[in-house]
Amino acid sequence: MDIRFRVSAAGELLQVEQVGQTRYPDFDNAMLAALKTCRFQPGTVEGKPAESVGQIFADYVSPNKIGDTNMAQEQRMRVDVATCAPTGAEYPPESASLDERGTANVTITVSAEGKLEKAVIRDSSGYPRLDEASLKVATRCKFAPGRNLFGGDQGATLTINYRWTLEER
């Protein structure tokens with residue numbers, strides 16, 4: 001959804017124009033209604049209040065897509081990547097001796113306080129030992145909470161892909 005608006009030098013909303021829309025009219029209408037309840041600071045020119053224009057881009061994200069990495073980015077969750085990265089020490093010795101390789105996708109849910117609530121295998125590597133190693137590494141990740149549109153803390157969900165490979169011998 002794309003909304004353009006004009007604000008008076010007094011900070012009053014003068015005009016609202018919906019340029020684009022989502023596939024969800026209820027969402028679009030809610031966004032327009034919410035904009036009309038906002039209070040605006042007027043723009044300034046040479047230190048004096050002046051009429052100004054603004055633009056908002058918004059998109060509806062289905063709760064079913066909340067596990068997508070893109071959604072986690074939109075929620076601005078911060079992840080300490082160093083704490084989530086596997087080292088060679090995590091490679092299960094039996095998997096290494098059997099030349100097991102694969103990618104496990106782990107979906108992580110983080111609370112509004114930045115605490116890990118849940119970690120589950122979304123897509124298996126094909127090897128239970130590699131999946132378990134992926135979960136073990138994922139549970140030691142450190143997070144800062146996501147932020148909602150109003151700057152408040154909120155939980156978030158993301159998926160981390162753990163690719164397990166062996167050096168060629």
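Position 1 is the first residue of the sequence, and the numbers go up from there. Predicted model only: the values in this text are computed from it and were never measured.
- Hydrophobic cluster membership is shared by Val7 and Val16, with clusters built from Ile, Leu, Val, Met, Phe, Trp and Tyr side chains linked at under 4.5 angstrom.
- Dense packing is recorded around CZ of Arg6, with more than 12 heavy atoms of other residues, nucleotides or ligands lying under 6.0 Å away.
- In this structure, OG in Ser8 is found 12.5 Å from CD in Gln15, a value given to the nearest 0.5 Å.
- Contact of the Val106 side chain with the Ile121 side chain is registered, since non-hydrogen atoms from C-beta on lie closer than 4.5 Å.
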Between Arg163 and Thr103, is a side-chain hydrogen bond (donor to acceptor under 3.5 Å, both in side chains) present by the stated rule, with each step listed? CA-CA 4 Å; Arg163 185 169 172 236; Thr103 301; 4.7 Å; no
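- Side-chain contact check for Thr139 versus Leu116: some heavy-atom pair is nearer than 4.5 Å.
- Between Leu166 and Arg101, the closest side-chain pair of non-hydrogen atoms falls below 4.5 Å.
- Note: Leu14 CG to Glu51 CD = 5.5 Å, rounded to the nearest 0.5 Å.
- Evaluation of the salt bridge (charged side-chain N to carboxylate O under 4.0 Å, His left out) test over residues 83-93, restricted to residues two or more places apart or in two chains, returns Glu90-Arg140.
- Side-chain contact between Ile160 and Cys141: present, with at least one pair of heavy atoms (C-beta onward) separated by less than 4.5 Å.
- The minimum heavy-atom distance linking Pro92 with Arg129 is given by the pair CG-O, 3.6 Å.
- In this structure, Lys118 NZ and Thr157 OG1 are separated by 7.5 Å, a value rounded to the nearest 0.5 Å.
- Interatomic distance, Thr159 OG1 to Arg122 CZ, rounded to the nearest 0.5 Å: 4.0 Å.
- The ring-ring contact (aromatic ring centres under 6.0 Å, His included) search around Tyr162 returns none, not counting sequence neighbours.
- A 4.5 Å side-chain heavy-atom check between Leu130 and Tyr91 finds at least one atom pair inside the cut-off.
- The heavy-atom pair separating Ala104 from Asp131 by the smallest distance is CB-OD1, 3.5 Å.
- Considering only residues two or more places apart in sequence or on other chains, Gln18 meets the side-chain contact (heavy atoms from CB on, under 4.5 Å) condition with Met1, Gln21, Asp28, Leu32.
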